[in-house]
Each structure stands twice: as C-alpha cells, then as structure tokens.
Amino acid sequence: MQFHRLNIEMKMDFESEIIQEHSKEKAQEIAEYILEHPERFSELFSLLFHDNIRVVQRAAWPIGMLGKKNPGLFSPYFDKIVAFIENPPHDAVNRNLYRILQDLPIPEEYHAPIFNLCIRDLADAKMPVAMKAFGMTVAFNISKLYPELQPELKLTIEENSKHQTPGYYSRARKILPKLS
C-alpha cells in the first residue's frame with residue numbers, strides 16, 4: 001500500500017512499518033508520509049530512543065532522508081541530536097545525523113559541541129568511514145564560520161589519514177585545500 005494514497009483518517013504505525021520491511025522504498029514511503037504529515041515527525045524521531053536497536057537503525061534512514069527534504073523539522077531537536085552523537089545507540093544513527101547536519105543550518109549555540117564531536121569521531125580509529133566523511137564536512141562547514149578552528153580540523157584530518165579508506169581520502173582531498 002502506498003502511503004500517499006492513505007485515507008487521512010488512517011495513521012501510520014512507524015514502528016511496525018520499519019520492522020515489517022527494511023528497504024530504501026520503505027524509508028522513502030515513511031519520509032514522504034512525514035512530509036505530508038509533519039506534525040507526526042516527533043513520533044518518528046522518538047524511535048531513535050527505542051530499546052530495540054533494529055528499530056533505531058531503521059528509523060534513522062527515513063529521518064536522514066528528511067534532513068534533505070525538510071531541514072526545518074529538526075529545529076526543536078538539536079539538544080537530542082547532540083546527545084545522540086555524544087553517545088550513539090547505533091552507528092546508523094550517527095551516520096544519518098551527520099549526513100543531516102551536512103545540509104542543516106546549525107543554530108549557533110550548537111556549533112562548538114557539534115564541532116568537538118566531529119573532531120572526536122574523526123580521531124577515533126574505530127569509527128566507520130561514512131561517519132568520518134560526513135563529520136568532516138560538518139566540521140568544515142562550522143569552521144567556515146570560525147576560521148580559527150580550521151588548523152585544528154586540518155591537523156585532525158591529516159593525522160588520522162593513515163590506514164583510511166578511499167572514501168576518507170576522497171573527502172579529505174576535497175576539504176584540505178579549502179582549509180587555511
């Protein structure tokens with residue numbers, strides 16, 4: 001059943017939908033539903049706090065898609081976003097949150113904590129490369145507002161480039177020349 005065809009009186013049960021099927025199509029359907037019913041975004045976002053890690057992982061995907069399609073949905077959730085990045089329940093959550101933050105206008109009061117978390121994750125050898133690549137972009141975007149942070153970011157990228165994947169090098173090659 002396509003969700004955009006649902007009767008207005010029918011409510012999507014996000015948890016059952018994401019447990020039922022894990023696919024890009026399902027994530028897109030959920031994201032489209034939220035775009036049509038933005039008042040329900042908090043219900044989907046709350047699944048990032050779920051006890052079942054599969055629910056958390058699968059909810060992160062449509063939430064990540066919504067970051068590009070409607071960044072305004074995230075404004076009330078920056079405290080929670082920072083808390084998740086500080087102590088992620090699953091790599092999928094941080095990967096999607098960093099992906100979202102690449103394109104979101106980050107409120108000024110969150111610049112320092114988010115930049116510091118990006119630096120922390122770039123320096124952590126155990127972090128997956130996608131998180132590092134997205135975090136590198138987030139940190140770079142913040143450093144454009146605060147050029148005094150650029151030497152720290154440059155040093156962190158360079159020092160942690162040993163034994164990295166092509167994805168890391170690709171992102172670093174794009175960002176390093178832009179750092180002062």
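None of these values were measured; they are calculated from a predicted model.
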Visitor: Measure across Asn96 and Gly64 and return the closest heavy-atom pair with its distance rounded to 0.1 Å.
Guide: OD1-CA, 3.9 Å
Visitor: Do Val138 and Asn141 have side chains that get closer than 4.5 Å, going by heavy atoms?
Guide: no
Visitor: When rounded to the nearest 0.5 angstrom, what is the spacing between CG in Asp79 and CZ in Phe84?
Guide: 12.0 Å
Visitor: Side chains of Glu158 and Lys154: closer than 4.5 Å at any heavy-atom pair?
Guide: yes
Visitor: Within the distance-only criterion (no hydrogens, no angle test), does the side chain of His37 pair as donor or acceptor with the backbone N or O of Glu39 below 3.5 angstrom?
Guide: no
Visitor: List the steps, then state whether side chain to side chain contact (heavy atoms under 4.5 Å, CB included) holds for Tyr98 with Lys132.
Guide: CA-CA 9 Å; Tyr98 276 140; Lys132 288 183 178 201; over 6 Å; no
Visitor: Above 12 or not: heavy atoms from other molecules or residues under 6.0 Å from NZ of Lys68?
Guide: no
Visitor: Flag yes if more than 12 heavy atoms outside Glu108 fall under 6.0 Å of its CD atom; otherwise flag no.
Guide: no
Visitor: Ignoring hydrogens and angles, tell me if any N or O in the side chain of Arg58 forms a donor-acceptor pair with the backbone of Ile18 under 3.5 Å.
Guide: yes
Visitor: Could you give the distance from CD (Glu15) to NE2 (His50), rounded to the nearest 0.5 Å?
Guide: 3.5 Å
Visitor: Among the clusters formed by ILVMFWY side chains lying less than 4.5 Å apart, do Val56 and Met65 turn up in the same one?
Guide: no
Visitor: Taking Asn70 for its side chain and Leu66 for its backbone only, find out whether a donor-acceptor pair lies under 3.5 Å.
Guide: no
Visitor: Could you tell me how the ring of Phe41 sits relative to the ring of Phe45: parallel (under 30°), tilted (30 to 60°) or perpendicular (over 60°)?
Guide: tilted
Visitor: Specify the closest pair of heavy atoms between Phe14 and Glu43, including all atoms of both residues, with the distance to one decimal.
Guide: CE1-CB, 3.9 Å
Visitor: Between Ile30 and Met12, what is the shortest heavy-atom contact and its length?
Guide: CG1-SD, 3.9 Å
Visitor: Counting neighbours of CZ on Arg120 that are heavy atoms of other residues, nucleotides or ligands and sit closer than 6.0 Å, is the number greater than 12?
Guide: yes
Visitor: Indicate yes or no: at least one non-hydrogen side-chain atom of His22 is less than 4.5 angstrom from one of Arg54.
Guide: no
Visitor: Passes side chain to side chain contact (heavy atoms under 4.5 Å, CB included), Ile63 versus Phe74? Steps please.
Guide: CA-CA 10 Å; Ile63 289 170; Phe74 293 84; 3.7 Å; yes
Visitor: Between Lys24 (side chain) and Trp61 (backbone), is there a donor-acceptor pair under 3.5 Å?
Guide: no
Visitor: Applying side chain to side chain contact (heavy atoms under 4.5 Å, CB included) to Ile85 and Leu101, what does each step give before you reach the verdict?
Guide: CA-CA 11 Å; Ile85 294 173; Leu101 290 173; 3.6 Å; yes
Visitor: For the atom pair OG (Ser161) and CZ (Arg171), what is the distance rounded to the nearest 0.5 Å?
Guide: 15.5 Å
Visitor: Kindly state whether the ring of Tyr146 and the ring of Phe115 have centres lying under 6.0 angstrom apart.
Guide: no
Visitor: When clusters are formed by joining ILVMFWY residues with side-chain heavy atoms under 4.5 Å apart, either directly or through shared neighbours, do Leu155 and Tyr168 land in the same one?
Guide: no
Visitor: Going from CD1 on Ile119 to CE on Met136, what distance comes out if it is rounded to the nearest 0.5 angstrom?
Guide: 9.5 Å
Visitor: Please report the interatomic distance CD(Gln28) to CG(Leu35), rounded to the nearest 0.5 Å.
Guide: 11.0 Å
Visitor: Taking Asn160 for its side chain and Thr156 for its backbone only, find out whether a donor-acceptor pair lies under 3.5 Å.
Guide: yes
Visitor: Does Ser143 reach the main-chain N or O of Phe140 with its side chain, forming a donor-acceptor pair under 3.5 Å?
Guide: yes
Visitor: For Pro71 versus Leu104, what's the shortest heavy-atom pair and its separation?
Guide: CB-CD2, 2.8 Å
Visitor: With side chain to side chain contact (heavy atoms under 4.5 Å, CB included) as the criterion, how do Phe134 and Cys118 come out once you've worked through the C-alpha distance, each side chain's angles and the decisive distance to 0.1 Å?
Guide: CA-CA 9 Å; Phe134 295 141; Cys118 291; over 6 Å; no
Visitor: For Glu21 and Ser23, which heavy atoms make the closest approach, and how far apart are they?
Guide: OE2-OG, 2.6 Å
Visitor: Taking the side chain as every heavy atom from C-beta outward, state whether Leu73 and Pro38 have any pair of such atoms under 4.5 Å apart.
Guide: yes
Visitor: Looking only at non-hydrogen atoms, find the nearest pair between Pro147 and Pro151 and report the distance.
Guide: O-CD, 3.6 Å
Visitor: To the nearest 0.5 Å, what is the distance between CD1 (Ile114) and CD1 (Ile106)?
Guide: 4.5 Å
Visitor: Is the shortest side-chain heavy-atom distance between Lys144 and Lys178 below 4.5 Å?
Guide: no
